[in-house]
Structure formats: C-alpha cells, structure tokens
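Below, chain A is the first sequence line, B the second, and so on; all start at residue 1.
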Amino acid sequence: MNMTTPIEKREFKIVGKSVRRDDVLEKVTGEAEYTGDVKLSGMLHGKIKRAAIAHARIKSIDVSKALAYPGVKAVLTHENVPRVLHYGSPHPRSASCTKDQFILDDRVRFWGEGVAAVAAISEEIADEALDLIEVEYEPLPAVFEPEDAAQPGAPLIHEVGPGGNLVLDPVRINRGDVEAGFAQADFVLEGTFSGGRPHPAYMEPNVCIADWDGSNKLTFWTSTQTSFMVRGILAEVLGLPLTKVRVLVDHMGGGFGAKQDLFQHEFLCALLAKETRRPVKMEFTRHETFVAGRSRHPCKIWLKQGFKNDGTLVARDMKLVYDSGAYGSHGPGVTIVGTTAATSLYRCENVRLEGRCVYTNTPINGAFRGYGVVQSYYALDIQMDEAAERLGMDPAELKLKNVVRAGDIAPSGHPILGHGLEICLQHGIDVLDWKKLRNRDRTPDPRHPHMRTGWGIGCEMHGSSAYPGIKEQGNATVKVNEDGTVTLLTGAAGLGTGAHTALAQIVGEELGVRFEDVGTIHGDTDVVPWDIGAFASHTTYLVGTAAKMAAGKVRAAVLDRAAMKLQVSAAEIDLSEGKVFVIGDPGRCMTVAEAMGPSRGIPAANIVANGTYEPTKSYSFAAHFAEVHVDTETGIVEVKRVIPVHDVGRVIHPIAAQGQIEGGIQQGIGHTLTEDYIIDKKTGRSLNAGLVDYKMPLSMDMPDIETIILEAAPDPGGPWGAKGVGEDPIIAIGPAIANAIHDAIGVRFHHYPITPEDILKALREKGA
Amino acid sequence: MKRIVELIINGEPRDMTVDSCRSLLDALRDDVGLTGTKKGCDVGDCGACTVIVDGEPVNACLMLAVEAEGRTVETIEGLQPGVDVLHPLQDAFMRYGASQCGFCTPGILMMAKKLLDDNPRPTDEDIRFGLSGNICRCTGYTKIFDAIKAAAIEMEAARS
Amino acid sequence: MRRFEYHRADTLEQASRLLTDLGDDTFLFNGGTDLLVEIRERLRRVRHVVDIKQIPGLSDITYDETRGLTFGALVTVGRLENLALVRQRYPNLRAAFASLGSIQVRNRATVVGNVCRASPSADTIPPLIADGAFIHIYSRTNMRVVPLAEFFTGPGKTVLAKGEIVTGITVPPAGDNAGKAYLKHGRRKAMELSTVGVAVSLTMEDGLCNDIRIALGAVGATVLRAPEAEAMLRGTALDAVTVKNAADKAMEECTPISNVRASADYRRDMVGVLTGRAIKQALEAFA
Ligand SMILES: Cc1cc2nc3c(=O)[nH]c(=O)nc-3n(C[C@@H](O)[C@@H](O)[C@H](O)COP(=O)(O)OP(=O)(O)OC[C@H]3O[C@@H](n4cnc5c(N)ncnc54)[C@H](O)[C@@H]3O)c2cc1C
Ligand code: FES
Ligand code: FES
C-alpha cells in the first residue's frame with residue numbers, strides 16, 4: 001500500500017513518476033561495471049598485512065623473505081612510504097577534524113590495522129607473501145571502552161588532538177535554563193542508554209585500482225561516495241597537483257555512508273602502483289570490510305528529562321559518549337550531529353547537552369546512515385514512551401503533544417520550513433486505528449501460549465545536508481546537444497539509490513524535455529563539476545537544486561534561440577516535452593532539436609550552464625509503527641509488520657524513495673535486534689567479522705512493510721520542495737521496535753541490539 | 001598447477017586454463033571475463049556469486065573451476081533469451097525497483113530464475129525461502145519479492 | 001588465499017593412498033563447503049585436496065523396510081532434503097537438511113561431509129544420532145561400520161584414521177509408531193549456525209513411550225545424548241509434567257560453552273525449551 005497526498009497542485013511531466021532508472025538495465029544484465037570488474041593488462045594484486053595486536057609499537061619489520069618470494073613485486077612498510085599526517089574523513093570544509101593518520105605508522109592502534117603491503121602477480125602469491133613478513137612488536141597497554149580510555153592516566157592512543165583520548169573538545173549546547181526547567185517539573189526520568197557497533201555491510205567489499213601513466217598522472221578507480229575528497233587527499237599526500245590525479249567510479253555496490261573515508265588501502269594501492277610502475281588492484285576480503293572498514297559509533301548516553309503532569313517537557317539534560325575507535329574519521333561530525341540533534345525531535349525549551357568522542361584501541365568507526373542520530377534519538381524516543389507510561393497516557397498522544405512543530409528552531413539553529421512529524425504521526429494513528437490497536441484483546445493465542453505481541457511507535461527527523469557543520473555546495477552542468485538531447489554532468493556518486501535518475505528527472509522537468517532525452521555523465525573527476533560527495537541524505541536536495549538551476553539557465557537560452565528562429569519574443573513561447581511553441585498558438589512550434597540545430601547560415605548552438613547551490617538544510621520526518629512478536633521462552637523477537645510514515649517533501653521518484661525506506665528498515669531491524677560487530681574486550685580482536693556471525697536480517701526475517709509517503713511539508717530549499725530520505729528510516733525503526741517490545745512484555749530496554757538473552761533475563765527479573 | 005577445463009557457459013562451449021585451486025567464481029570473472037557474477041564474501045555467505053551448474057544454483061565461490069569440467073554453467077550474462085529481449089524477471093526487477101546498488105542482483109536473478117523454473121506459482125513463503133541464501137543490503141527485499149511475484153504472473157500468462 | 005594442489009581420485013583405494021602419501025596437510029574434498037571456507041579464512045593449513053566426487057558408487061540412495069535409509073558419501077544435503085521419502089519418514093532429517101545454510105550451499109554440501117567435519121553445531125548430526133544411524137568406513141585393509149554416536153571424539157575430531165574414508169550412512173527404518181523432530185535455534189530464520197539444536201526420536205506403544213533418544217547439538221564438545229532425561233521419559237505417557245522434568249534434566253546433562261553466538265546459560269535454557277518443544281512436535285505424528 002502506498003499513499004501519496006499531494007501538496008502544491010502542479011502538473012508534473014517527469015517528477016513524481018517512477019521512471020525507469022538509468023542504471024538498472026546494466027544491473028539486471030550483469031553489464032554494470034563496478035570497480036572490481038575493471039581489469040588492466042599487467043595488473044598486480046595488492047594485499048595488506050594486518051596487525052594481530054591492538055596497541056603496539058613496531059620494533060622491527062623484516063620484509064626480506066617476502067620481497068624474495070617469487071612473484072612479489074613490491075613491499076611497503078612505514079619505513080618506505082611518505083610520512084604525511086592526514087585526515088581520515090576527508091571533509092575539507094569541516095573545521096572539526098583532527099589529522100591523526102599516517103599511511104603506515106610505526107605504531108599499531110587497533111587489531112587489524114595495516115602494517116605493510118605487498119604487490120604480487122596474483123592475489124594468492126600476495127597473500128602467501130604476507131606470512132613471510134616478520135614484525136616484532138613492543139606491546140602497549142590498550143583500552144577498549146570509552147570509559148576506560150577517558151580515565152586520567154589511561155594509555156594515550158594519539159599524541160595529536162585535545163588530549164585525554166578525546167577526538168575533539170566536548171560539544172556543549174545550552175538553550176534556556178535547565179535547572180529552572182527541572183524545578184518546574186512534576187516528575188523526572190533519568191536513564192542510561194547504549195548502542196552497539198552495527199556495521200554497514202554493503203555488499204561490494206572496498207576495492208580500488210591505481211594506474212600511473214608516463215606523465216606521472218595517477219588514474220584511480222575506487223568504490224567511494226566522495227571521489228573529489230579522495231582526489232584531494234591523494235593529491236595532498238602524494239604531493240601532486242589535482243590535474244595529476246583522476247578518480248573514477250561508475251557503479252558502486254552500496255556504501256551507506258561508510259565509503260566516504262579515505263582508507264589506508266587507497267594510499268597503499270597508489271603507492272604500490274607507483275613503485276612497481278604497473279597497475280595494482282586492492283580488494284578487501286569480507287573480513288577486511290569489517291576490520292578495516294567503518295562501523296557505527298558505539299554510544300553511551302545519560303538522559304534526564306523533566307515533565308509536567310500534562311506531559312509538557314520542561315528540561316532535558318543529556319550526555320553522550322561516542323566511541324571513535326582508533327582514529328578520528330567521522331567521530332567529530334558524528335558527535336556534533338548526534339548531539340545537536342538532541343535539541344529537537346520533542347520540543348523542550350531548556351536543554352543542556354554534552355557530547356564527547358573518545359579514541360579506543362578498536363577498529364575505526366565512521367559515517368553510517370543516521371550519523372550519530374540513530375543513537376541519540378533512540379534514547380529520546382524511548383524515554384518519551386516511558387514518560388507516557390508514567391503518565392498513564394497513550395504514547396502516541398504524548399508524542400503528538402511534544403513533537404517539533406512549525407516555528408520551532410532546528411538543531412542546525414535555523415527555523416525549519418517544512419514540518420511534517422505531527423502529520424506523519426497523526427496519519428499513522430488514523431490509518432492503523434491506533435486506539436483500537438492499543439485496546440486490543442491481549443490474551444495470548446492458546447496455540448502459542450508463550451507468544452506476546454506488541455506495537456510501538458518511533459519518531460525521527462533528519463536533515464538533508466550537513467549544514468552548519470559543513471558549508472555544502474552542490475554543482476551541476478547541463479548541456480543541450482544539437483539534436484535536442486541534454487547531457488547532465490554531475491559529480492554525485494551513484495551508490496545505488498537512483499540519485500542520477502532523480503537528477504535527470506529534475507533536469508528534464510525544469511528544462512521541458514523528455515526524461516529519455518536526458519543523459520547523465522558522472523564518476524570522472526576530470527570531467528564532471530566538483531562534488532562534495534554523496535552523504536547526509538542531500539543529493540536530491542542539494543545537487544537536485546543545482547541541476548534545476550542549471551537546467552533553468554539552459555532553458556532560457558534555448559527559449560531565446562527558438563524565439564529568434566520563430567521570430568517572436570522569448571516571453572511569448574513555452575517549452576514542454578521537447579517542443580517550443582508559441583503560447584496560445586501551439587501550431588507555431590519547433591522541436592528543441594530544430595531550435596538548437598544549424599539553419600539558414602546560423603551555426604548550431606552551444607548551450608551550457610552551470611548551477612551552484614549553497615543550501616542551509618531541510619528536515620525530513622518519519623513516524624514508524626511496528627508490530628513485534630516476542631517468544632517469552634526463547635527471547636526471540638520477530639518484527640511482523642512495519643508501517644513507516646514519511647514526509648520527504650516533494651517525491652521525485654516514488655519507487656526509489658520507498659526503496660530507501662524499506663532498505664533502511666531492514667538495516668534498522670538488524671541494529672535493534674541482531675547486528676553487532678563484536679570486539680573482544682580483552683584483546684581487541686574481532687569476534688564476528690563475517691556474514692554468518694554478523695547477523696543481518698535476510699529474506700525470511702523481513703516483516704511486511706507498508707510504506708506511506710506523505711508530501712506533507714515541502715522545503716523551498718529543495719527542487720519543488722524535495723527533501724532527503726536516505727537516513728530517516730534507520731533512525732525511526734529502532735525505538736519503534738524497542739517500544740513495541742515493551743508493549744508486548746512490559747520490559748524496557750535502553751540498548752541495542754536487544755538479544756534473546758536480554759529478553760529472557762529481563763523477563764526473569766520482572767517475574768522475580 | 002594449471003589445468004584446461006572444458007565446459008559450456010551460457011550455451012557456448014568454452015575452455016579455460018586455470019590454476020587448480022581457483023574458484024569457479026574467480027575463473028569466470030578473471031579468466032573468462034564474465035564479471036556479472038559478483039564476489040561479496042568468497043565463503044558462501046552472501047549468494048552474490050550464484051550461478052546455475054547443471055541446472056542447480058550453487059555459490060561459484062565454493063566450487064573449484066576444475067570441478068566444472070564437462071558441466072553446463074549459466075550466469076547472469078546468459079539470462080537474456082535474446083539480444084534485445086529481457087527475461088521477464090529482468091524486466092520486473094527494473095520496473096519494481098528491485099535493484100538498487102545492483103551488487104546482489106545477478107545472484108538473486110539466477111536464484112529467482114531457478115525458483116520460477118521449478119515453481120511457476122510460488123507463494124510468498126516460497127520466495128522468501130528461495131532467497132534465504134542471497135543477501136541484499138539495500139532494498140529490504142520488499143521490492144524483490146514484488147518483482148518476482150509480478151514476473152511469475154507474467155510468465156504464467158505468456159505460457160497460457 | 002594460499003594455493004593448494006588438487007587431486008582427483010577415481011577409486012577409494014587411490015584416494016586413500018593419496019591421503020596417506022601426500023602428508024599431513026592433505027584432506028578429502030567432497031562438497032568443499034567446509035574445506036574451502038577453512039582455506040579462505042585460514043582456519044586450516046591445506047596443501048593438497050583429494051576430490052572423491054568421481055569415485056563411482058558413492059552417490060546412491062536406497063531405502064528398504066528392514067535396513068532403512070542408506071545414502072553414499074557424495075549425496076548432497078539438497079538431494080535428500082527434496083526426497084519424498086525423507087519428507088514423509090524422517091521429518092527430523094528433513095528439518096535439519098532444510099535448515100542447513102542456503103539452497104546454494106545444500107546443492108554442494110554433503111551429509112557425510114557435515115558429519116566428518118564433526119562440528120558440535122552441525123545440523124545433521126543430532127537427528128542422525130537420535131535415529132541411531134551407522135556410518136560406513138573404508139580403509140585399504142578393511143571396512144567397518146560404526147554407530148554414529150561413537151564416531152566423534154571431540155570438536156572436529158572423529159575415530160577416522162589416516163587414509164580412512166566414509167562411504168555412506170545408514171539410518172534405521174522409521175516405523176509407524178515413530179515420532180521424530182529436530183529443532184534448530186538461531187537468531188535468524190535461515191543462514192544460521194545453530195546456537196542449539198535438539199533432536200528427538202521416539203516410539204510409542206499403547207500410549208506409552210517405548211523408546212526415546214534425545215540428541216543435543218552445540219552444547220558440548222560433540223553432539224550429546226541426554227541419557228538421564230531419556231530414562232525419565234521411557235515408559236511414561238510423555239505428559240506435560242514428566243516432559244518438563246526431563247527437559248530440566250537435559251539442561252543438567254549438557255555442557256555448553258559461551259561464545260559470540262550465545263552464552264552457556266542461554267544455551268542451557270534453550271536445551272530445556274527445545275527439548276520440551278521437540279517432544280511435543282514428535283508426538284504430533286500420532287495426533
Ligand atoms: C554458507 C554456509 C552455511 C552453512 N550453514 C550450515 C548450517 O546451517 N548447518 C550446518 O550444519 N552446516 C552448515 N555449513 C557447513 C556445511 O555446509 C558443511 O558442514 C557440509 O555439510 C560439509 O560437507 P561438504 O561435502 O561440503 O564437505 P567438505 O568441505 O568437502 O568436507 C568437510 C570435511 O569432511 C571431510 N570429508 C568429506 N568427505 C569425507 C569422507 N567421505 N570421508 C572422510 N572425510 C570426509 C573433509 O576432508 C573435510 O575435512 C554451512 C557452510 C556454508 C559455507
Ligand atoms: S561470494 Fe560466493 S557466496 Fe558470497
Ligand atoms: S541492491 Fe544493493 S545489495 Fe541488493
């Protein structure tokens with residue numbers, strides 16, 4: 001069931017239609033070329049030697065046997081790579097990052113960190129050679145929990161940064177007067193919350209290929225969401241001008257945020273290729289995607305809120321500690337975004353927040369869909385449910401009362417223009433007949449006496465764009481060809497979300513040509529306009545607006561040209577579906593091709609325009625309604641049904657938007673119930689770095705999802721009011737499930753994942 | 001040690017010279033140049049490498065290339081019945097949004113093909129069970145289920 | 001991945017010789033679904049593999065009322081899973097087969113390979129033990145038949161001597177008075193390695209339990225029987241109270257460990273829950 005309630009009435013030709021995506025034909029035929037499919041002649045294979053110790057200094061490293069091994073062409077260690085301190089998360093416009101990484105260091109900071117790299121004529125030989133590299137370590141004391149790392153006297157993981165194993169100075173936000181707020185409260189709820197370490201587990205393992213040509217130019221294929229950032233940092237670290245680094249990425253097998261770091265293997269691959277003067281390919285094993293990839297920051301949250309007896313929220317005091325792992329990566333961004341997000345969702349005038357991010361000797365945590373907010377809203381939403389319980393109120397009612405509304409200030413500090421949370425919540429309540437659901441007969445089914453059912457609601461909001469943390473910029477170039485077709489050049493990455501299709505739809509709509517006539521060029525930093533990268537749910541909002549601006553400019557130019565040929569003024573004509581016609585006299589018309597082409601001594605037109613857009617931020621909203629079944633004997637929780645109600649402003653491509661929501665729900669169910677990348681707290685070793693023991697929900701585990709998208713609250717900053725959708729679903733589903741579990745068995749959980757063991761233990765404690 | 005393996009791939013007799021420890025997956029991708037079949041894990045967990053060998057779907061990563069001697073292998077590149085003709089499943093996957101990043105798509109399509117060949121009218125449960133060895137991390141499976149159901153109906157209609 | 005050599009044996013004798021002649025890092029290669037994973041994940045040092053899939057006579061499946069079900073070493077899990085006979089007579093085996101890995105894995109994985117890998121969490125072992133299966137072993141000097149319950153000596157360890165090869169497994173016939181069940185516990189519905197697996201095979205006569213075998217997977221160094229629990233159940237009507245007490249006893253009899261999949265305590269709890277449920281399910285045959 002899909003329901004779309006239109007906002008501004010307007011006839012769209014392309015926008016709002018699920019046109020065939022430009023990338024899917026190749027995908028269903030197997031022709032789509034992913035980075036790992038690229039094969040160059042003479043290509044070598046690179047592999048990384050990884051440390052089997054969590055914290056150590058390298059005393060010595062002997063590569064002589066590996067170098068002598070037949071088929072090995074080069075070996076790199078910290079002794080023969082450039083020593084350049086650099087960022088892990090390559091956001092040049094973000095002020096919050098600390099440079100804390102070397103390509104290879106004489107220090108190991110987590111179990112699995114690369115200490116050497118080999119290039120050989122086959123993957124097998126490279127792999128065998130790794131065993132021949134002898135590393136002698138001087139072990140250093142290691143810390144695996146942020147609490148321990150933050151203790152005075154804890155072993156220091158980095159010499160840079162604010163010290164005390166902090167990745168950045170604590171983020172502090174104060175609004176109103178928290179003490180005064182608590183003084184007004186009729187009751188106070190206080191709790192600690194914690195989140196595990198979910199891993200994005202995109203299906204395409206990280207992979208890159210480096211090739212240097214005779215003019216010392218590096219061509220670099222890599223599966224990245226941020227090709228221009230990769231270009232920038234590679235150039236900086238390798239000491240090259242940007243003209244000497246070309247980054248290519250066509251199809252990508254997912255990223256979910258995590259492929260916006262600059263990874264160690266990317267530098268090593270480039271250097272191995274430079275050293276051997278042959279193309280080198282480096283492809284992660286699945287194990288490496290865990291160990292050397294990026295996961296969501298584990299988080300501990302302390303949350304205290306004061307309420308009045310009518311449900312009004314009068315004070316919020318919150319401390320968050322994010323575990324960065326061994327390097328900063330996106331830790332600063334995640335901490336800022338996750339902490340500031342907690343100013344909002346449920347309105348409260350008196351807010352005091354403190355967010356910290358701490359290094360530990362564990363694998364690096366990075367960007368992942370929901371960027372710090374998954375953690376903070378899990379706490380906010382669950383505590384709101386608890387408040388409802390305390391008040392004897394329906395949680396739906398209390399949430400409706402408290403959700404942010406028009407006029408409220410966004411976490412980013414500016415007023416939100418399109419407010420949809422109230423509408424989403426109310427819509428779900430109505431569609432489901434929530435009152436009736438809550439008052440349903442709760443007697444267990446006699447055939448399954450140990451089974452309990454529950455319903456829960458989770459609310460969220462999320463910004464499209466990383467403003468104000470990053471001043472973003474979207475760019476697009478649109479060209480009209482002499483046959484009337486149109487080429488869009490964009491630097492936005494194609495993670496698989498259908499972003500390029502949405503951009504082409506926007507261009508077609510704005511310009512007035514058919515969707516089929518818009519071609520897209522992307523994925524080549526030498527060709528397309530600069531792009532900040534695909535993240536923060538912003539591509540449609542940010543690059544979409546830039547594309548619309550560029551399309552608007554070329555449209556005007558086309559109209560001018562047609563006006564000249566039709567011998568009328570541009571104001572008298574219009575352009576639609578590839579045809580220019582005189583308003584009121586559609587018989588007088590010409591195709592865009594005719595307008596563009598040469599005629600009567602006039603050469604063909606060359607019409608090109610750029611659009612550059614520097615937005616603030618829009619917010620999208622969602623309320624998820626979830627039904628769970630809990631087996632009280634085994635503790636197994638099954639999510640049976642989810643009704644996600646989203647406001648994403650104008651929907652550009654309904655099926656793609658639904659797909660984002662459904663996929664986000666799958667990941668969020670995993671986070672909440674089964675997924676946790678586990679690091680041994682004694683050694684720092686990974687315990688489940690594989691797809692059998694890292695448990696993502698699969699086909700048989702998925703609930704029925706009935707997506708509802710409301711075009712309730714468009715944001716004027718996006719194309720025709722469009723906003724983001726990529727990250728929202730993963731935020732709302734978690735609390736919906738946790739609240740549903742409470743509804744089923746009367747037990748509150750403040751952490752994820754909620755395991756069967758947790759359920760049984762809690763039931764026992766409750767029974768006792 | 002290298003061996004020459006003769007087999008039939010997508011209806012064509014082929015031979016490939018491979019190291020005897022190479023997987024069928026690596027041989028198809030690197031030696032034959034059929035890169036449509038994907039490697040998501042190399043240990044049987046994800047199903048991205050699903051190909052059909054002598055009529056049965058298997059993980060190409062868990063089979064040695066030398067074992068394919070004399071066998072018939074079907075890959076995603078052979079799913080299209082004709083040059084410009086798509087298999088109904090391919091068409092449905094495009095229309096229903098069943099492919100996002102597309103990395104799982106070749107394996108899922110091969111699995112779905114086998115499912116519909118054996119069971120033209122699958123129930124929802126049959127489809128879920130049939131795909132339980134194929135991880136899709138993008139779609140939440142909903143649209144994949146929809147596409148397979150739609151293709152089944154279309155194929156049924158085309159037969160009658 | 002490290003390289004290894006591949007050998008193809010045409011006879012049992014040749015395979016056996018290769019195993020003894022090529023040295024310690026030589027392994028039989030059957031479906032390869034364990035071996036290749038162990039090689040890729042560097043869990044086992046392998047220099048040579050000996051493929052036995054060309055050896056004639058190891059792919060048969062036979063059934064007769066006196067001897068029962070016999071299948072050869074090369075018979076895949078998928079083939080058995082889809083056999084009508086297995087569905088009808090051995091719902092316990094069918095449940096174990098259908099829960100092992102994925103369809104793709106089952107098209108390659110053999111039951112004999114699953115047994116020879118001797119993982120405590122292997123899904124096919126508990127129901128085979130509960131059914132009293134026998135395993136046929138070839139060696140160059142003699143053939144022997146060993147009750148499956150005596151085949152395992154520890155995690156990954158069996159009574160097989162160097163050069164010995166399992167040729168097949170026989171499962172005794174399933175009578176009309178038999179009830180069987182296998183319940184696998186994991187956090188997902190598929191692609192799971194068991195956290196706990198419980199198999200129950202029982203026979204009823206005049207409303208009383210004639211015989212019962214309970215086999216517990218993933219709660220000990222090998223798949224375990226629960227002899228005391230079984231004794232409590234024999235001769236009873238398997239009423240709810242007796243079953244509950246026996247399930248509690250089975251919890252005492254198992255020796256689980258804690259690992260990333262579950263804690264020892266939780267595994268023990270599940271032995272209790274699943275034993276009760278498996279008995280109930282086995283009794284459904286008589287309903
Ligand atoms: C993705 C995946 C999921 C899985 N899920 C499950 C699951 O849910 N439950 C489960 O129980 N298992 C599971 N497994 C493991 C299962 O596939 C194997 O245990 C399989 O049954 C082994 O059979 P094989 O023929 O592939 O064995 P091989 O890998 O060929 O051999 C396994 C071992 O047995 C030895 N061996 C093989 N045949 C003989 C013989 N005739 N005589 C003596 N020794 C022999 C081999 O030398 C080797 O040591 C899974 C595996 C994968 C890859
Ligand atoms: S690559 Fe073969 S199953 Fe994942
Ligand atoms: S579409 Fe990306 S994994 Fe399925």
Counting only heavy atoms not in C/Lys53 (residues, nucleotides, ligands), do more than 12 fall under 6.0 Å from its NZ? yes
Before you tell me yes or no, could you show the steps for A/His450 and C/Arg277 under side chain to side chain donor-acceptor pair (under 3.5 Å), namely the whole-Å CA-CA distance, both residues' side-chain angles and the distance that decides it to 0.1 Å? CA-CA 12 Å; A/His450 49 271; C/Arg277 289 188 185 178; 3.1 Å; yes
Measure from the side-chain N and O atoms of A/Glu123 to the backbone N and O of C/Met1, and report whether any donor-acceptor pair falls under 3.5 Å. no
Of the listed C/Ser263, C/Ala190, C/Gly272, the one with the largest count of heavy-atom pairs under 4.5 Å with chain A is C/Ser263
Separation between CG (A/Leu687) and CZ (C/Arg261), nearest 0.5 Å, reads 11.5 Å
Please classify the contact of A/Ser122 with chain C as side chain, backbone, both or neither, using a heavy-atom distance under 4.5 Å. neither
May I ask you to say whether A/Asp131 pairs ionically with C/Arg2, meaning some side-chain N is under 4.0 Å from a carboxylate O? yes
So, taking the atom named CD in A/Glu757 and the one named CE in C/Met270, what distance separates them when rounded to the nearest 0.5 Å? 8.5 Å
A/Asp758 versus chain C, the contacting section by heavy-atom distance below 4.5 Å: neither
dist A/Ile678:CD1 -> C/Asn259:CG (nearest 0.5 Å) comes out at 9.5 Å
Closer than 4.0 angstrom, basic N to acidic O: yes or no for C/Asp265 and A/Lys761? no
Are the side chain of A/Glu128 and the backbone of C/Arg3 linked by a donor-acceptor contact shorter than 3.5 Å? yes
Basic-acidic side-chain contact under 4.0 Å: C/Arg40, A/Asp127: no
Is the backbone of A/Thr634 close enough, under 3.5 Å, to the side chain of C/Asp269 for a donor and an acceptor to pair up by distance? no
Donor-acceptor pair, C/Arg188 side chain versus A/Met696 backbone, under 3.5 Å? yes
Evaluate C/Met191 against A/Lys695 for side chain to side chain contact (heavy atoms under 4.5 Å, CB included), listing each step before the verdict. CA-CA 9 Å; C/Met191 287 303 272; A/Lys695 294 181 190 302; over 6 Å; no
At a 4.5 Å cut-off on heavy atoms, which part of C/Glu41 comes close to chain A: side chain, backbone, both, or neither? neither
Considering only heavy atoms and a distance below 4.5 Å, find which of A/Thr755, A/Asp676, A/Asn688 pairs most often with chain C. A/Thr755
Could you give the distance from CZ (C/Arg187) to CG (A/Asp701), rounded to the nearest 0.5 Å? 11.0 Å
